[in-house]
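These notes concern the structure reproduced below.
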Amino acid sequence: MKIGELSRRTDTPVRMLRYYEEQGLIHSERLPNGYRSYEDYVVDRVRQVRGLLEVGLPTRIIKQILPCLDGSRAIYLPYVTPDMIATLERERDRMAEKIECFTKNHRAINDYLDAVSHEIRAS
DNA sequence: GTTCTTACA
DNA sequence: TGTAAGTA
C-alpha cells in the first residue's frame, strides 16, 4: 500500500510516517515512480509505535527496543544487552507510574460525574 | 489527484 | 508537526 492508505489505516499524518521511517522505526520499499510502498504488517507496527510514543517514549528508545516488542512473541536473545534490559525496566516503571496517575484521575472524574448526576436528579 | 524532498515557522 | 514550493 502507498503512504496515503497507511496514513488512513493508522490515523497517522503522512508527515509522521515519513518521520518514523527517517528514525528507523518502520520500513518501506520504493515503487518505480519513487513512491513509498508498505507491507501490511507495517500497519500494526505503526500502531505499536504510536502507542509507545503516547506513553512518552522517545523515538530513539523505541528504535532500540522495538525488536524486542515486535510482532511475534519470539525472544531475540542475541540482541539482549544489559543496557537494553535496564532501558526496558526503566520504561516499564515509568508506565506503571502513569497508570497510577491515570487511575487516580479517572476515579476523580468518575466520582465528580457521579456526584453531578445525583445533583441533577435531586433538582 | 497523490507522493516526493527540502525547508521554514 | 503543519505547510509551502516545484516535481514526477
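Numbered from 1 within each chain, the chains take letters A, B, ... in sequence-line order.
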Tell me if the [atom1] atom of [X] is crowded by more than 12 foreign heavy atoms within 6.0 Å.
{"X": "A:Arg94", "atom1": "CZ", "value": "no"}
{"X": "A:His118", "atom1": "NE2", "value": "yes"}
{"X": "A:Arg107", "atom1": "CZ", "value": "no"}

Next item on the list: Indicate yes or no: at least one non-hydrogen side-chain atom of A:Val42 is less than 4.5 angstrom from one of A:Tyr20.
Entry: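 Not in contact.
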Check: Is the shortest heavy-atom distance from the side chain of A:Arg92 to the side chain of A:Leu88 under 4.5 Å?
Finding: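 Counting from C-beta outward, A:Arg92 and A:Leu88 never come under 4.5 Å.
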Note to self: Quick check for you: to the nearest 0.5 Å, what is the distance between A:Arg45 atom CZ and A:Thr10 atom OG1?
What the structure shows: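 Rounded to the nearest 0.5 Å, the CZ-OG1 separation comes out at 13.5 Å.
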Next item on the list: State the CZ-OG distance between A:Arg15 and A:Ser7, to the nearest 0.5 angstrom.
Entry: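 If I round to the nearest 0.5 Å, the distance is 13.0 Å.
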Polar atom pairs between nucleotides 4-6 of chain B and protein, under 3.5 Å, N or O only, would you list them?
from, atom 1, to, atom 2, distance (Å)
B:dC4, OP1, A:Arg36, N, 2.9
B:dC4, OP1, A:Arg36, NE, 2.9
B:dC4, OP2, A:Arg18, NE, 3.0
B:dC4, OP2, A:Arg18, NH2, 2.8
B:dC4, O3', A:Arg30, NH1, 3.4
B:dT5, OP1, A:Arg30, NH1, 3.4
B:dT5, OP1, A:Arg30, NH2, 2.8
B:dT5, OP2, A:Arg36, NH2, 2.1

Notebook entry, point to check: When Watson-Crick pairs (N1 to N3 and N6-O4 or O6-N4) and G-U wobble pairs (N1-O2 and O6-N3) count only below 3.5 Å on both distances, what is the dot-bracket string of DNA chain B, with | for other-strand pairs?
Noted result: .|.||||||
Notebook entry, point to check: Whole Å only: how far is the CD atom of A:Glu21 from the P atom of B:dT3?
Noted result: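 One finds 14 Å between P of B:dT3 and CD of A:Glu21, rounded.
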Notebook entry, point to check: Between A:Ser28 and A:Arg36, which heavy-atom pair has the shortest distance, and what is it?
Noted result: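 Of all heavy-atom pairs spanning A:Ser28 and A:Arg36, the closest is OG-CG, 3.2 Å.
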Notebook entry, point to check: Taking a hydrophobic cluster as the set of Ile, Leu, Val, Met, Phe, Trp and Tyr residues connected by side-chain heavy atoms closer than 4.5 Å, whether directly or through intermediates, do A:Val46 and A:Val55 fall within one such cluster?
Noted result: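 No; tracing contacts between hydrophobic side chains, which count when under 4.5 Å, never links both residues.
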Item checked: Any donor-acceptor pair under 3.5 Å from A:Arg50 side chain to A:Asp11 backbone ->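 Pair found, side chain donor or acceptor close to backbone of A:Asp11.
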Note to self: Reading DNA chain C in the 5' to 3' direction, which nucleotide is the first one with an atom under 4.0 Å from a heavy atom of chain A, and which is the last?
What the structure shows: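 Counting from the 5' end, contacts occupy C:dT1 to C:dA8.
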